[in-house]
There are 2 protein chains.
Amino acid sequence: MSDLLERLRGRGWRMTAQRRVVAEVLDGEHVHLTADEVHARAVVKLPEISRATVYNTLGELVSLGEVLEVTTDKRAKRYDPNAHRPHHHLICAGCGAIRDVHPSGNPLADLPDSERFGFTVSNVEVTYRGLCPHCAAA
Amino acid sequence: MSDLLERLRGRGWRMTAQRRVVAEVLDGEHVHLTADEVHARAVVKLPEISRATVYNTLGELVSLGEVLEVTTDKRAKRYDPNAHRPHHHLICAGCGAIRDVHPSGNPLADLPDSERFGFTVSNVEVTYRGLCPHCAAA
DNA sequence: ATCCCATATTGGATAGCGTCTAAGCCGAGT
DNA sequence: ACTCGGCTTAGACGCTATCCAATATGGGAT
């Protein structure tokens, strides 16, 4: 399971109990957790861990490119451990569930220079919205 | 200029000084303002207007479909008066500024059935991120 | 023109989420 | 084992949005 931990060690990331626990929580989950949910799961393994450390660690993992931040609304940000494989998101407007999806095509190429307004464009996110089978039935 | 005001009146929206001022602020601007920025501009025309009213009014305009809410990060939501024409967004990672863009291509068609997981997909948002000329220089 | 009341507005309180700070702790190199 | 820079902590703080009870007001009815 510890591809993530191995990669972090390999980059010279200083390993501490708190950081290991946070990384393990992300590595084991396949849903997109909020910072507080990560904290709640981390506390099970390491009761003294503080919220600040979870926030710091998540921020570092994001900077390192190992984890993605997903902001879909004004509720809490969610953290996506699946950063090694490019993907986009499909979100249910009813229940808020998120699935990873892999569209074909390259949206970055679809933005002509004339539409870039001098920006250095580095990244593109595609968010599909709709209703999941369960919410569509209700 | 007052297409927006006309449409609102036509829908039987009760017109008050505060609502008119908020609508005028949005109608006159071509950038995407935060609620506080809308409030700041509204105060110039109507010094007594309260934050709560601006929030209420923006919420109603969103419900009416006259204005779009754009949530890009954990900073303030921004309000997009350009709801009548489909477009996507280019966001500066430095200062949060937003520009409307019109990419070629159709991302909805890029999501194969096998990646839809039974969802009824109704909408797609494309968000380009980068640095605006000003933030790139700093 | 005036009255009336459903609805809008107000400002202050409250809540959610995230960031900051000061102080102590710890791990790795010597 | 010692030292020092980086890590962790608890709680204060800040920002944005929402809620609330009291007050004011638009606009139809008279």
Side-chain angles (χ1 to χ4, degrees), chain A residues 5 8-25 32-43 45-64 66-80 96, chain B residues 5 8-25 32-43 45-64 66-80 91 93-98:
Chain A
L5 286 174
L8 293 172
R9 261 188 258 269
R11 292 188 186 208
W13 203 51
R14 182 155 146 191
M15 189 56 62
T16 68
Q18 290 84 350
R19 290 177 169 188
R20 184 176 44 71
V21 166
V22 170
E24 282 174 0
V25 165
H32 300 60
L33 300 173
T34 64
D36 259 6
E37 288 166 349
V38 172
H39 179 241
R41 282 167 168 73
V43 161
K45 301 183 171 198
L46 189 66
E48 312 69 29
I49 194 170
S50 76
R51 291 193 319 127
T53 296
V54 171
Y55 277 108
N56 288 342
T57 305
L58 288 172
E60 285 159 19
L61 290 172
V62 170
S63 301
L64 289 168
E66 292 291 347
V67 164
L68 294 176
E69 236 171 39
V70 187
T71 306
T72 61
D73 53 31
K74 276 306 283 188
R75 287 179 277 187
K77 284 187 228 177
R78 290 173 178 275
Y79 292 88
D80 181 346
Chain B
L5 286 174
L8 292 172
R9 258 188 259 270
R11 291 187 186 208
W13 205 49
R14 180 155 148 190
M15 190 55 62
T16 68
Q18 291 83 351
R19 289 176 168 188
R20 185 176 42 72
V21 166
V22 170
E24 283 174 1
V25 166
H32 300 60
L33 300 173
T34 64
D36 258 7
E37 287 166 350
V38 172
H39 180 243
R41 282 166 168 74
V43 161
K45 301 183 170 198
L46 189 67
E48 313 67 29
I49 194 170
S50 76
R51 246 174 267 277
T53 297
V54 171
Y55 278 107
N56 288 341
T57 305
L58 288 172
E60 285 159 19
L61 290 171
V62 170
S63 300
L64 289 168
E66 292 291 346
V67 164
L68 295 176
E69 234 173 41
V70 187
T71 305
T72 62
D73 53 32
K74 276 306 285 184
R75 287 182 271 188
K77 283 187 226 174
R78 288 170 181 273
Y79 292 88
D80 180 348
I91 298 176
C95 64
I98 304 181

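Below, chain A is the first sequence line, B the second, and so on; all start at residue 1. Source: prediction; values computed, not measured.
- Side-chain N or O atoms of B:Lys74 include none that pairs as donor or acceptor with a backbone N or O of A:Ala76 at under 3.5 Å.
- Side-chain nitrogen and oxygen atoms of B:Tyr55 include at least one within less than 4.0 Å of the OP1 or OP2 phosphate oxygen of D:dA17.
- Per the geometry, NZ belonging to B:Lys74 stands 7 Å off C1' belonging to C:dG16, to the nearest Å.
- Computed from coordinates, the B:Leu8 CG to D:dG27 C1' distance equals 17 Å when rounded to whole Å.
- Between the P atom of C:dC17 and the CG atom of A:Asp73 lies a distance of 10 Å, rounded to the nearest Å.
- Residues that satisfy the side-chain hydrogen bond (donor to acceptor under 3.5 Å, both in side chains) test with B:Asn56, not counting sequence neighbours, are absent from this structure.
- Between the side chain of A:Thr53 and the backbone N or O of A:Ile49 there is no donor-acceptor pair closer than 3.5 Å.
- Scored by the side-chain hydrogen bond (donor to acceptor under 3.5 Å, both in side chains) test, B:Glu69 finds B:Lys77 as partners (sequence neighbours excluded).
- The interatomic distance linking A:Lys77 (NZ) with D:dT16 (C1') rounds to 14 Å, in whole Å.
- A salt bridge is defined here as a Lys NZ or Arg NE, NH1 or NH2 lying under 4.0 Å from an Asp or Glu carboxylate O, and A:Glu24 with A:Arg20 meets this definition.
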*Going 5' to 3' along nucleotides 1-15 of chain C, which nucleotides have protein heavy atoms under 4.0 Å from the base (write B), which only from the sugar-phosphate (write S), and which from neither (write -)?*
-----BBSSBB----
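- Protein atom CG of A:Leu33 is 14 Å distant from nucleotide atom P of C:dC17, rounded to whole Å.
- The main-chain N or O of B:Val25 is never found under 3.5 Å from a side-chain atom of B:Arg41 such that the two would form a donor-acceptor pair.
- For the pair A:Leu58 CG and C:dC17 P, the interatomic distance rounds to 15 Å; values are reported in whole Å.
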